[in-house]
Enquirer: 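Got a structure here, written out as structure tokens. Questions coming.
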Amino acid sequence: MKQPEFDSYSSSYETLLKDPIRDRFMGADEDFFHTRKRDLIREHFRSQGIQTSGLRYLDVGCGKGELLGLLRDDFSYVAGCDPSREMLKVVSGADIRTQEEPDTIPFGDEELDFVSAVCVYHHVPPEKRLPLTREIRRVLRRHGVFVMIEHNPYNPITRLVVSRTPVDANAVLLRASEARGWMEQAGFKPNAPNYFLYLPAPIYRLASALEHPLRFLPLGGQYAIFGSKA
């Protein structure tokens with residue numbers, strides 16, 4: 001198999017992500033982007049009245065496991081998979097497996113209750129996106145939940161930062177309508193997109209409630225789409 005692209009980025013991944021706009025947006029909170037995603041996931045399950053403590057969770061394309069670390073105590077079982085063995089070397093405290101192909105998942109049928117794919121699909125070739133989504137559905141139990149979180153191509157700042165970030169050199173951004181389309185074709189029942197990352201970290205910490213009314217306005221830096229296995 002061809003060497004995964006992110007193997008070559010592993011040792012300098014954090015440095016390669018640095019960008020003046022991105023750095024100002026997160027301020028002194030280096031985990032800001034990860035904690036925002038953690039909070040969105042927690043809020044989804046709270047809004048559905050679902051206790052996650054007994055659920056089995058997989059993060060597809062988990063990279064160095066930042067989100068897994070933040071959600072480790074929320075679930076009974078936490079796992080991650082990624083095509084890059086080098087990125088996975090630093091992950092601990094979770095069941096970690098290598099994806100031999102970007103559109104295959106190394107887990108059995110209906111093993112999991114919740115799967116996330118965070119800023120993964122824009123690195124997946126378009127022809128592999130539907131097969132990957134079908135794989136995610138395969139490993140989920142009945143009524144299992146999948147969330148796809150992606151960069152929003154309608155946000156001009158997002159597009160600018162992605163265009164000059166080395167790790168995104170081959171990225172192909174996808175609109176929320178495309179993401180929902182893949183999910184529907186694979187057999188999920190997706191919710192409406194939830195747009196977020198309107199406010200930089202220093203302002204968000206003081207006035208987080210300002211973002212909530214904007215969640216359906218397609219201008220946030222990223223979006224999240226939750227879908228249940230139909």
Enquirer: Do the side chains of R205 and D29 get nearer than 4.5 Å, heavy atoms only?
Expert: yes
Enquirer: I'd like to know if D39 pairs up with K37 as an ion pair, taking the criterion as any Lys NZ or Arg NE/NH1/NH2 lying under 4.0 Å from an Asp or Glu carboxylate oxygen.
Expert: no
Enquirer: Backbone N or O of M87 within a donor-acceptor pair of the S84 side chain at under 3.5 Å?
Expert: yes
Enquirer: Please assess L173 against D168 for the test side-chain contact (heavy atoms from CB on, under 4.5 Å), listing each intermediate value before the final yes or no.
Expert: CA-CA 10 Å; L173 301 185; D168 288 327; over 6 Å; no
Enquirer: Should N194 and I225 be marked as a side-chain contact (heavy atoms from CB on, under 4.5 Å) after you check the CA-CA gap, both sets of side-chain angles, and the distance that decides it?
Expert: CA-CA 6 Å; N194 185 338; I225 301 176; over 6 Å; no
Enquirer: Decide if atom CD of E127 counts as having more than 12 heavy atoms of other residues, nucleotides or ligands within a radius under 6.0 Å.
Expert: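 Counting neighbours around CD of E127, more than 12 heavy atoms of other residues, nucleotides or ligands fall under 6.0 Å, so yes.
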Enquirer: Taking CZ in R159 as the centre, count heavy atoms belonging to other residues, nucleotides or ligands within less than 6.0 Å. Is the count above 12?
Expert: no
Enquirer: Does some side-chain heavy atom of V115 sit less than 4.5 Å from a side-chain heavy atom of E135?
Expert: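 E135 does not reach V115 side chain to side chain.
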Enquirer: So, are E211 and R215 salt-bridged, with charged N and O less than 4.0 Å apart?
Expert: no
Enquirer: I would like to know whether I41 and D74 meet side-chain contact (heavy atoms from CB on, under 4.5 Å); could you show each step before the answer?
Expert: CA-CA 10 Å; I41 289 168; D74 290 53; over 6 Å; no
Enquirer: For S116, run the side chain to side chain contact (heavy atoms under 4.5 Å, CB included) check against L68, D59, L71 and tell me which one passes.
Expert: D59
Enquirer: Can you tell if the side chain of H143 reaches within under 4.5 Å of the side chain of S228, non-hydrogen atoms only?
Expert: no
Enquirer: Salt-bridge test for D113 and R56: reply yes if a basic N is under 4.0 Å from a carboxylate O, no otherwise.
Expert: no
Enquirer: Quick check: do N191 and H44 have side-chain heavy atoms less than 4.5 Å from each other?
Expert: yes
Enquirer: Mind telling me whether F75 and F114 have parallel, tilted or perpendicular rings, with 30° and 60° as the class edges?
Expert: parallel
Enquirer: Side chains of D95 and Y77: do they bring a donor and an acceptor to under 3.5 Å?
Expert: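 A pair is found: one side chain offers a donor N or O, the other an acceptor, under 3.5 Å apart.
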Enquirer: Assess whether side-chain contact (heavy atoms from CB on, under 4.5 Å) is satisfied between L112 and Y57, documenting all intermediate values.
Expert: CA-CA 6 Å; L112 304 153; Y57 165 48; over 6 Å; no
Enquirer: With the side chain counted from C-beta on, respond yes when Q185 and L130 share a heavy-atom pair under 4.5 Å apart, and no when they do not.
Expert: yes
Enquirer: Can you tell me how the ring of F25 sits relative to the ring of F33, calling it parallel under 30°, perpendicular over 60° and tilted otherwise?
Expert: parallel
Enquirer: Strictly distance-based, threshold 3.5 Å: is any side-chain N or O of T158 a donor or acceptor partner for the main-chain N or O of H151?
Expert: no
Enquirer: If hydrophobic clusters are built from ILVMFWY residues whose side chains come within less than 4.5 Å, do F32 and Y195 share one?
Expert: yes
Enquirer: Are E110 and K229 within salt-bridge range, i.e. N to O under 4.0 Å?
Expert: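 Salt bridge present between E110 and K229.
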Enquirer: Compute both the distance and the angle, then confirm whether R36 meets the cation-pi test with F196: under 6.0 Å from the six-membered ring centre, within 45 degrees of the axis.
Expert: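 Cation-pi check for R36 and F196: fails.
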Enquirer: Inspect the surroundings of CD in E30 and state if more than 12 heavy atoms from other residues, nucleotides or ligands are less than 6.0 Å away.
Expert: no
Enquirer: Any heavy-atom pair between the side chains of L58 and I105 that's under 4.5 Å?
Expert: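 Side chain of I105 against side chain of L58, heavy atoms only: contact under 4.5 Å found.
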Enquirer: Under 3.5 Å, is there a donor-acceptor pair between the side chain of Q99 and the main chain of T104?
Expert: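 Yes; judged by distance alone, with no hydrogens or angles, the pair exists.
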Enquirer: Using the rule that Ile, Leu, Val, Met, Phe, Trp and Tyr join whenever any side-chain heavy atoms are under 4.5 Å apart, tell me whether L217 and F226 fall into a single cluster.
Expert: yes
Enquirer: Write down the atom of T98, the atom of P83, and the distance for their closest heavy-atom approach.
Expert: CG2-O, 4.0 Å
Enquirer: Indicate, with yes or no, if L70 and V147 share a hydrophobic cluster defined by side-chain heavy-atom contacts under 4.5 Å among Ile, Leu, Val, Met, Phe, Trp and Tyr.
Expert: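 Unlinked, V147 and L70 end up in two clusters.
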Enquirer: In plain terms, say whether E100 and R85 are close enough for a salt bridge, that is, a side-chain N and a carboxylate O under 4.0 Å apart.
Expert: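 Salt bridge present between E100 and R85.
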Enquirer: Should L206 and L214 be counted in the same cluster of Ile, Leu, Val, Met, Phe, Trp and Tyr side chains packed under 4.5 Å apart?
Expert: no
